[in-house]
Amino acid sequence: MAWPGNEGRSPVRRIVMDALLAAVALTIFVVELQIPMPVPVPGMKLGLANIVTVAALFWLTPWDAGLILLVRILLGCFLTGRVMALIYSLAGGLLCYLAMLVMRRIVTPRQIWVCSVIGALMHNVGQMAAALLVTGTWALLAYLPVLLAIGIFTGLFTGLAAQFLVARLKNLKL
Amino acid sequence: MVKTRTWIIIFGVLLAVCVGVSVLVFCRPAGRVANIYRDGQCIYSVDLSRVAEAYEMTFEDERGSNVVRVEPGRIAVIRADCPDQVCVHDGWLADSGAPIVCLPHRLVIRLEKEAMADGVAR
């Protein structure tokens, strides 16, 4: 197979691993939607599914992480019936992914959480930009500082989770 | 390699700035006129300081409906058929600069100094 990112790995093993992680991410995504938020801010969430994206980015390759992210966003929107939210999710996800691609080259294995925080912040920025473009409602911008402040904490939490996960996954012969 | 300490300082400063701006936005004294926007167009205005009796209105289109309750000095979305219910949980808007937003129906309520809809302010 001429798929980029195989690097000597068996394509079958790779497909299985990516599909497995996408399923894990999707499950986390759907379960997370059931958790009520303490403060009502439009567009705010924990972003727990990003643990899987960050882990795949460092444990596997950027190609795997991108595929898993795309599958999770598309299936997540169709499964939960929030097709309206697809534009926001895609814009946020894309910007988050690109930012984390850059950060991947900068951070050390003990700084994976930094990559995740940057990703969370860029996700909020992308989502907000899409919402502004689609709705033309500049009043939404009032929520951006709140979203960014919360994003630092949620990004830190999911990033630390991914960092511990990657450290342990690397010891496994998978 | 950027040191971990540098990252912590960067995020700390960013956090402080965001919290500061949030406080400014949310505590800014807003006007007394509630303007209701759909798709960025103001469709209804009401001067909250002149409301004598509470009333409810339904804003409906093909995306769904929001029931807005207006009371003397305050306004809220009390029912909506959107999936996330963020606008309902936003609660009462009385004197804050933060708008009530229903993203699925693209409905926004904000307090401003002037009525933005033509001739419907009461």
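So that the names make sense, note that chain A is the first sequence line, chain B the second, and so on, each numbered from 1. This structure is a prediction, so every number in the text was calculated from the model and none was measured.
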Practice item. Go through A:Ile150, A:Leu148, A:Val117 and name the one with the most non-hydrogen pairs under 4.5 angstrom from chain B. Key: A:Val117
Check your understanding: Is it true that A:Val30 and A:Leu86 fall in one hydrophobic cluster, defined by side-chain heavy atoms closer than 4.5 Å?
Key -> no
Check your understanding: For chain B, which of A:Val134, A:Thr80, A:Leu33 has the most heavy-atom pairs under 4.5 Å?
Key -> A:Val134
Practice item. Treat each ILVMFWY residue as a node, draw an edge where side-chain heavy atoms are under 4.5 Å apart, and state whether A:Leu20 and A:Val52 are in one component. Key: no
Exercise for review: Report the residues that fulfil side chain to side chain donor-acceptor pair (under 3.5 Å) with A:Asn124, sequence neighbours left out, ordered by chain and then residue number.
Suggested key: none
**Study point:** B:Trp7-A:Val102 co-clustered via ILVMFWY side chain contacts under 4.5 Å
**Key:** yes
Review point. Applying the 4.5 Å side-chain criterion to the ILVMFWY set and letting contacts propagate, would B:Leu24 and B:Val13 be lumped into a single cluster?
Key: no
Point to revise | Per-residue contact mode, B:Pro104 against chain A (heavy atom under 4.5 angstrom) | key: backbone
Check your understanding: Quick one: which residues of residues 152-168 of chain A reach chain B at under 4.5 angstrom, heavy atoms only?
Key -> A:Ile152, A:Phe153
Check your understanding: Transitively linked via ILVMFWY side-chain contacts under 4.5 Å: A:Leu46 with A:Val125?
Key -> yes
Practice item. Tell me, with the steps shown, if B:Leu103 and A:Tyr88 meet side chain to side chain contact (heavy atoms under 4.5 Å, CB included). Key: CA-CA 11 Å; B:Leu103 216 43; A:Tyr88 311 132; 4.1 Å; yes
Study note, to complete from the structure: Checked B:Gly20, B:Cys102, B:Pro99 vs chain A; the most non-hydrogen pairs under 4.5 Å come from B:Pro99
Review point. By side chain to side chain donor-acceptor pair (under 3.5 Å), which residues pair with B:Arg69, not counting sequence neighbours?
Key: B:Glu56, B:Glu71
Review point. Under 4.5 Å, heavy atom to heavy atom, which residues of residues 104-115 of chain A contact chain B?
Key: A:Arg105, A:Ile106, A:Val107, A:Thr108, A:Gln111, A:Trp113, A:Val114
Check your understanding: So how far is it from A:Ile118 CD1 to B:Leu14 CG, rounded to the nearest 0.5 Å?
Key -> 8.5 Å
Practice item. Give, as side chain, backbone, both or neither, the part of B:Tyr37 having an atom under 4.5 angstrom from any heavy atom of chain A. Key: neither
Study note, to complete from the structure: Nearest heavy-atom contact between B:Ser22 and A:Val146 is OG-N, 3.4 Å
**Study point:** Between B:Leu15, B:Asp39, B:Val108, the one whose heavy-atom pairs under 4.5 Å with chain A are most numerous
**Key:** B:Leu15
